[in-house]
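For reference, the structure discussed in these notes is given below.
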Amino acid sequence: MIEHFSLDGKRIPFQPGQTIMDAAMQAGEYIPHLCHNPEFRPRGSCRLCVVRANGRSVAACTSPAREGLEVESDTPDIQADRRSLLQMLFVEGNHLCPACEKSGNCQLQAVAYYCGMLAPDFTHLYPVRELDGSHPDFVLDFNRCILCELCVRASRDADAKGVFGISGRGIGAHLIVNAPSGKLGDTDFDPHDRAAQVCPVGAILPKHKGYDVPIGRRIYDRKPVSLVGDVADHQEDMS
Amino acid sequence: MREQQAKKVRVATCSLAGCFGCHMSLLDIDERLIDLVELVEFDRSPITDIKEVGPSDLGLIEGGVCNAENVEVLRAFRRQCKTLVAVGACAITGGVPAMRNHYPLHECLDEAYVNGLGVQDGGIPNDPELPLLLNQVHPIHEVVKVDYFLPGCPPAADTIWTFLEQLLSGKPVEFAYRQIHYD
Ligand code: SF4
């Protein structure tokens, strides 16, 4: 039997076992998210999809849908919390969008536009992080990694390679590459890997095609993420 | 006529650690400049060449803060302007100049003035007139309170115009989706 819950007053059908996020996506309703991709097991780590379900704050991507649940997502206070989370993501890394090849195809930007963030007006951390250009086809820019673990999950679960991992805790958490040298060029990472296509930001970037599609004509330049969806679904527009 | 002029909104603008691109974008509002000068008069700005900022209604700051003079000018703007706006990526995040934050200051100076390509008889400039560089480049909200942020590198002329028009007419400031971008 099909059951229903409400999302911002709309009736959303779901099958038992689906999460709030699964059902919302299926119904074409957008709940902001960065670490979620329906192909992989949910992590619930970016907290952008936190909604209020019967008055309690829960991550939509990990919380099961329940009959009669009243879910609020697009409210001024929840959007304000999302802006604060986004601002923290921006200032914790080095996000200089005008100098980033991913700009316009970047889901972090797109979600920030959607949530109405005009500026990351917290104190900027300016961490000193490395670049890894050792791979012939891809460059890793750790300055822009938001620790969503999508590449970790894709490489482990879809590619069966385990190229990426997260090491350290708290503010020391960082992306690592599974090779004795720590270099991407010393792994079997390949442009056809799913892990090469799921990064929502400009941390895993293909080489040699940075500005083939000019700024201004990219996925999120024209339409909001709530209409065009995740960057991982738009690989054809980026190559 | 004089009465009308007295009512004009006084606007001050400056570029700190910026490239004047945001000012170019302001000029890019094209013939709407004629409408704008009906509504505003300029205080300190590259447009007037007034050197010290005086009491103003609106201050538009382009660029982040990279040296002691930037800090002084920014603080003067904050003291004199009722409303202060961070215009563009550099004012908001430090922008491209903040890419030097990855390196110790002396390494940047050595690279430019001592070891740089084609440098002969190099030496780091030390004229007392030169403002001292800060260790790192900062966005302006880390130094003063900022009332509005206009992102973009630069913000599009249309975005600047929408902002000015709404602000000057007392409407809530709202933008269309395509008017806001960080690049
Ligand atoms: S990864 Fe996205 S948010 Fe970060 S600098 Fe690049 S475009 Fe901007």
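Nothing here was measured: the structure is a model prediction, and the numbers come from that model. To find a chain, count down the sequence lines: A is the first, B the second, and so on, and within it residues start at 1.
With A:Cys106 as the partner, the side-chain contact (heavy atoms from CB on, under 4.5 Å) test is satisfied by one option alone out of A:Val111, A:Val225, A:Val201, A:Val231: A:Val201.
In this structure, the side chains of A:Ile20 and A:Ile31 come closer than 4.5 Å at one or more pairs of heavy atoms. Residues B:Leu74 and B:Leu16 have side chains in contact (heavy-atom distance under 4.5 Å, counting atoms from C-beta outward). The closest side-chain heavy-atom distance from A:Leu175 to A:Cys151 is below 4.5 Å.
Note: A:Tyr220 and A:Tyr113 fail the aromatic proximity criterion, with ring centroids not under 6.0 Å apart. A centroid separation of 6.0 Å or more is found between the aromatic rings of B:Tyr177 and A:Tyr114.
Applying the salt bridge (charged side-chain N to carboxylate O under 4.0 Å, His left out) test to pairs two or more places apart or on separate chains, those with a residue in residues 79-101 of chain B are B:Asp57-B:Lys82. Counting only residues at least two apart or in different chains, salt bridge (charged side-chain N to carboxylate O under 4.0 Å, His left out) contacts with residues 131-142 of chain A comprise A:Asp141-A:Arg144.
With chain A as the partner, the residue from B:Asn101, B:Asp183, B:Ile92 showing the most heavy-atom pairs under 4.5 Å is B:Asp183. Among A:Cys100, A:Cys97, A:Gly116, the residue making the largest number of heavy-atom pairs under 4.5 Å with chain B is A:Cys97. Comparing A:Pro127, A:Ser103, A:Ala99, A:Gly216 by how many heavy-atom pairs each has under 4.5 Å with chain B, the most go to A:Ser103.
Between B:Arg44 and B:Glu52 there is no salt bridge, since none of the side-chain N atoms of the basic residue sits less than 4.0 Å from a carboxylate O of the acidic one.
Scanning residues 114-150 of chain B against chain A with a 4.5 Å heavy-atom cutoff picks out B:Gln136, B:Val137, B:His138, B:Pro139, B:His141, B:Glu142, B:Phe149, ordered by number. Of all residues spanning residues 86-94 of chain A, those with a heavy atom less than 4.5 Å away from chain B's heavy atoms are A:Phe90, A:Asn94, arranged by number.
Within 6.0 Å of atom CD in B:Glu72, 12 or fewer heavy atoms from other residues, nucleotides or ligands are found, so the atom counts as exposed in its surroundings. For A:Glu130, the CD atom counts as loosely surrounded, since its 6.0 Å shell holds 12 or fewer non-hydrogen atoms of other residues, nucleotides or ligands.
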